[in-house]
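Everything on this sheet refers to the single structure shown next.
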Amino acid sequence: MKSFAISVEPIDVAACARRLADDRAGALVTFEGWVRNHNDGQQVGSLEYEAYAPLAESEGERILAEARVRFALGGAVAVHRTGHLKIGELAVWVGVTAEHRAAAFDACRYIIDEAKARLPIWKKEHYASGATAWINCATRGEHAGGSAT
Amino acid sequence: MKSFAISVEPIDVAACARRLADDRAGALVTFEGWVRNHNDGQQVGSLEYEAYAPLAESEGERILAEARVRFALGGAVAVHRTGHLKIGELAVWVGVTAEHRAAAFDACRYIIDEAKARLPIWKKEHYASGATAWINCATRGEHAGGSAT
Amino acid sequence: MTRVNVQYFAILREQRGLTSETLETNAPTVSGLYEELRARHGFTLPGNRVRAAVNDAFVPQSHVLREGDRVVFIPPVAGG
Amino acid sequence: MTRVNVQYFAILREQRGLTSETLETNAPTVSGLYEELRARHGFTLPGNRVRAAVNDAFVPQSHVLREGDRVVFIPPVAGG
């Protein structure tokens, strides 16, 4: 199974964490990105995620490989959801194990920061008013594949 | 239910995470401390945790309150296990939600760093050889309640 | 003329009204192709805000198109 | 004489061989009580490596004992 996956199905957090079980590891740090009910002062009703899946997966694997080189890790797994998500739903999960917690915290943060900046995944906010907007498409933001450092 | 708890029962991670559900939160960062099969070059067979529970719980609540003051948090929950744990078992769980992930990462790390330095919880390693040792009791380490900064 | 397949995502998919098409172009590079399509379909994103991938790998704007390439223009990502 | 209850944890519990006891002491402070118990029971931890709690709250070494206090001596914690 791939370490980085795009998933159209709800993310199974327990199954993801089980893949990281490791008797040598003392620390597991996880990040969950949830759909928030607001953004930039607007009420958000739901969120649509669209991915260019083949490139998102290869770039995601590249990010995990970079984290393994930079930090003293055990394992690293990440899954990004696509589709139309409700408030409170899980959009992205990252889990990292290490002997010591500092490396696990640093690596988990590195992975999610790079993923948000580099993966070709877009989100469209649906507002209470009925309006919608692709986030950053017409305004600000990094390009996919751009460096976040 | 208390935000910080000492538990003689196995920690129910899913139940802990459910307590943090929050439509305004965009990020959940969790830390799990697992019993490692080695420490300082020695093979570890199991680990015993002993807590001075009333003070550990009040000091734990104080740490969570400090984190809420320092960082822009949604919720924060932590549980520390006591008793005789096997390799791979979950010894401590910390979960923090926030609107934005930076605060969640910073707060989760603050809580576990302070917890390790300040809570009156001791661990005794049981080695493959049959020997045992209370960690730090007779050697190095911070005092409970000491500042970790 | 070079025949290429173009896939669209997010705002470009909506502005084009389809997810992919196969077309012939005289544009030698991916940036030239984007400008051609932008003029034809009224894409709102300027070329310098769009990255490109060919055959599922990122490429520079100066990448030269070859017969049969699968081209994707990548709008800015959601980030934060 | 002040009557206090003393609870022991971890290495102190093992060296004392029990988890709590009620005793009378002439020591005016918690640090004095620790030195008294250390001499009697052969605790290996010096007083400056042990913190104290009275009635489930941390106290300084100079804390003055009162009748009925519950005293806990706290060995260094596991840390990392």
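Every chain is numbered from 1 and lettered A, B, ... according to where its sequence line falls, protein lines coming before strand lines. Hydrogens, waters and symmetry mates play no part in the numbers below; they use all other heavy atoms, side chains included.
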Under 3.5 Å, what donor-acceptor pairs does chain B form with chain A?
{"unit_1": "B:D23", "atom_1": "O", "unit_2": "A:N37", "atom_2": "N", "d": "2.9"}
{"unit_1": "B:G26", "atom_1": "O", "unit_2": "A:W34", "atom_2": "N", "d": "2.9"}
{"unit_1": "B:L28", "atom_1": "N", "unit_2": "A:E32", "atom_2": "O", "d": "2.9"}
{"unit_1": "B:L28", "atom_1": "O", "unit_2": "A:E32", "atom_2": "N", "d": "2.7"}
{"unit_1": "B:T30", "atom_1": "N", "unit_2": "A:T30", "atom_2": "O", "d": "2.9"}
{"unit_1": "B:T30", "atom_1": "O", "unit_2": "A:T30", "atom_2": "N", "d": "3.0"}
{"unit_1": "B:T30", "atom_1": "OG1", "unit_2": "A:T30", "atom_2": "OG1", "d": "2.4"}
{"unit_1": "B:E32", "atom_1": "N", "unit_2": "A:L28", "atom_2": "O", "d": "2.7"}
{"unit_1": "B:E32", "atom_1": "O", "unit_2": "A:L28", "atom_2": "N", "d": "2.9"}
{"unit_1": "B:W34", "atom_1": "N", "unit_2": "A:G26", "atom_2": "O", "d": "2.9"}
{"unit_1": "B:R36", "atom_1": "NH1", "unit_2": "A:E99", "atom_2": "O", "d": "3.0"}
{"unit_1": "B:N37", "atom_1": "N", "unit_2": "A:D23", "atom_2": "O", "d": "2.9"}
{"unit_1": "B:H38", "atom_1": "NE2", "unit_2": "A:E99", "atom_2": "OE1", "d": "3.1"}
{"unit_1": "B:E99", "atom_1": "O", "unit_2": "A:R36", "atom_2": "NH1", "d": "3.0"}
{"unit_1": "B:E99", "atom_1": "OE1", "unit_2": "A:H38", "atom_2": "NE2", "d": "3.1"}
{"unit_1": "B:R101", "atom_1": "NE", "unit_2": "A:D113", "atom_2": "OD1", "d": "2.8"}
{"unit_1": "B:R101", "atom_1": "NH2", "unit_2": "A:D113", "atom_2": "OD1", "d": "2.9"}
{"unit_1": "B:D106", "atom_1": "OD1", "unit_2": "A:R109", "atom_2": "NH1", "d": "2.8"}
{"unit_1": "B:R109", "atom_1": "NH1", "unit_2": "A:D106", "atom_2": "OD1", "d": "2.8"}
{"unit_1": "B:D113", "atom_1": "OD1", "unit_2": "A:R101", "atom_2": "NE", "d": "2.8"}
{"unit_1": "B:D113", "atom_1": "OD1", "unit_2": "A:R101", "atom_2": "NH2", "d": "2.8"}

Is it the backbone or the side chain of B:A27 that comes under 4.5 Å from a heavy atom of chain A, or both, or neither?
both
Pair count under 4.5 Å, heavy atoms only, with chain A: among B:G33, B:A25, B:C108, highest is B:A25
Between A:A21 and chain B, which part of the residue has a heavy atom less than 4.5 Å away: side chain, backbone, both or neither?
backbone
Between B:I87, B:L28, B:V92, which residue shows the highest count of heavy-atom pairs closer than 4.5 Å to chain A?
B:L28
Below 4.5 Å, heavy-atom pairs only: which of A:G95, A:A102, A:A91 has the largest tally toward chain B?
A:A102
Is A:A104 in contact with chain B via its backbone, its side chain, both, or neither, using a 4.5 Å heavy-atom distance?
neither
For A:V35, which atoms come within 4.5 Å of any heavy atom of chain B: side chain, backbone, both, or neither?
backbone
Ring pair (Phe, Tyr, Trp, His ring centres under 6.0 Å) involving A:F31 - partner list, sequence neighbours excluded:
B:F105
Given that the side chain runs from C-beta out, which part of A:I112 has a heavy atom under 4.5 Å from chain B: side chain, backbone, both or neither?
both
